[in-house]
Trainee: 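Below is one structure. I have some questions about it.
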There are 2 protein chains.
Amino acid sequence: MGTSPAPDYQLEDQVGHLLRRAYQRHLALFQGIMGEDGPTSMQFAALVTLWRQGPLSQNLLGRGLAMDPPTVKGVVARLMARGWVTRHRDPADARLLRVALTPAAEAALPGWVEKARGITAATLAPLGPADAARVGTLLRRME
Amino acid sequence: MGTSPAPDYQLEDQVGHLLRRAYQRHLALFQGIMGEDGPTSMQFAALVTLWRQGPLSQNLLGRGLAMDPPTVKGVVARLMARGWVTRHRDPADARLLRVALTPAAEAALPGWVEKARGITAATLAPLGPADAARVGTLLRRME
DNA sequence: TGGCTATCGTTAGCCTGCAAACAATCGGCT
DNA sequence: AGCCGATTGTTTGCAGGCTAACGATAGCCA
């Protein structure tokens, strides 16, 4: 006679589970719309950040994206391998690695941003415009 | 003269980014409250599901948790290593691997569920009760 | 019976994420 | 000059997550 399962703890009702599921669906939409040749979700986030802010140190880039150093390193390495980013030591401060977009990435970014708008729209599609705005506000307060 | 960055595409406003950040914060709270000796987020989800539903095949367990087969395999392997779960071939259907809780896990589960309630509360703490309910409803519609 | 198809699980390979320990560099302060 | 603390990046090791390709079993149906 083990303890009986807590009858009022429903996994499917927990915020954590709901957040994971919603993010999971978003990532699937991202990959589907961006396609094989496009960047992954985090790769795109890094590229857009570099586009808007110009070359950044690995560390600063990571901070803007809420990624810890080992993760940034991996993402940047894959961006380099794909030819979308270069990495050089900062001459003024030898600790920094300046990450910069390549021309290829700059050329592709406008198209990717358009797709990204579609991805956001698809993620929010089940909600009306008013609820889409609401969920944005609420999630921002939960960060 | 590269194309100028899309001025109205703000990464921080995209649902995907907000979902990731909120989930990230939730996981940090989970780990902090559950502690070193407790299960991880997904390990706990698996254990609770087995508690409520009884022994399940690996596949069914994964379906209940929205995990694909390779991921389930890893989670179950770690649960076995921690002594919280056993795994046996189903005598009636040789394809199935029946996963079942150990007495150790059953004994610990009530305490873990209590902590899990605290984790949900902590995740939703920035919101009032009304907004907490709202975000649940909205996320469920986005799944 | 024999074969077809569906289901279940595994492997390999890739990507994201975290903590902890470590090396290198910089800046300031003595 | 010399030291110390802060910052930056790396490595290692672990956990989760996906696709694609593959073997084994079960169930059905000709």
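Lettering follows sequence order; numbering is per chain, from 1. It should be emphasised that the depicted structure is a prediction, and the values quoted were computed from it without experimental measurement.
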Trainee: Base, sugar-phosphate or nothing for A:V72? Non-hydrogen atoms, less than 4.0 Å.
Mentor: nothing
Trainee: Do any side-chain nitrogens or oxygens of A:R63 fall under 4.0 Å of OP1 or OP2 in D:dT8?
Mentor: yes
Trainee: Tell me whether the OP1 or OP2 atom of D:dG16 has a side-chain N or O from A:Q24 closer than 4.0 Å.
Mentor: no
Trainee: How about A:V75 and A:R78: do any of their side-chain heavy atoms sit closer than 4.5 Å?
Mentor: yes
Trainee: Begin from the C-alpha positions of A:R52 and B:Q10 and carry the test side chain to side chain contact (heavy atoms under 4.5 Å, CB included) through to its verdict.
Mentor: CA-CA 9 Å; A:R52 294 185 63 85; B:Q10 302 277 7; 3.6 Å; yes
Trainee: With a 4.0 Å limit, can you tell me whether A:S41 has a side-chain N or O closer than that to the phosphate oxygens OP1/OP2 of C:dT16?
Mentor: no
Trainee: Is any side-chain nitrogen or oxygen of B:Q31 closer than 4.0 Å to OP1 or OP2 of D:dA15?
Mentor: no
Trainee: Taking 4.0 Å as the cut-off, does a side-chain nitrogen or oxygen of A:R20 come that near to OP1 or OP2 on D:dG17?
Mentor: yes
Trainee: May I ask you to evaluate whether A:R78 reaches the phosphate of C:dT16, defined as a side-chain N or O under 4.0 Å from OP1 or OP2?
Mentor: yes
Trainee: How close or far is atom C1' of C:dG17 from atom CG of A:L65, stated in whole angstroms?
Mentor: 13 Å
Trainee: Using a cut-off of 4.0 Å on non-hydrogen atoms, how would the nucleic acid contact of A:R98 be classed: base, sugar-phosphate, or nothing?
Mentor: nothing
Trainee: Among the nucleotides D:dG9, C:dC18, C:dC15, which one has an atom lying closest to any side-chain atom of A:T40?
Mentor: C:dC15
Trainee: Output the rounded distance in Å from CG (B:L61) to C1' (D:dG16).
Mentor: 14 Å
Trainee: When we call it a touch if two heavy atoms are under 4.0 Å apart, what does A:D68 touch: a base, just sugar-phosphate, or nothing?
Mentor: base
Trainee: C:dT10, OP1 or OP2 - any side-chain N/O from B:R87 closer than 4.0 Å?
Mentor: yes
Trainee: Taking the six-membered ring for Trp, is the centroid-to-centroid distance between B:W51 and B:W112 below 6.0 Å?
Mentor: no
Trainee: Is there side-chain contact between A:T40 and A:Q31, with at least one heavy-atom pair below 4.5 Å?
Mentor: no
Trainee: Using a 4.5 Å cut-off on heavy atoms from C-beta on, say whether the side chain of A:L56 contacts that of A:L50.
Mentor: yes
Trainee: How many whole angstroms separate atom NZ of B:K73 from atom C1' of D:dG23?
Mentor: 14 Å
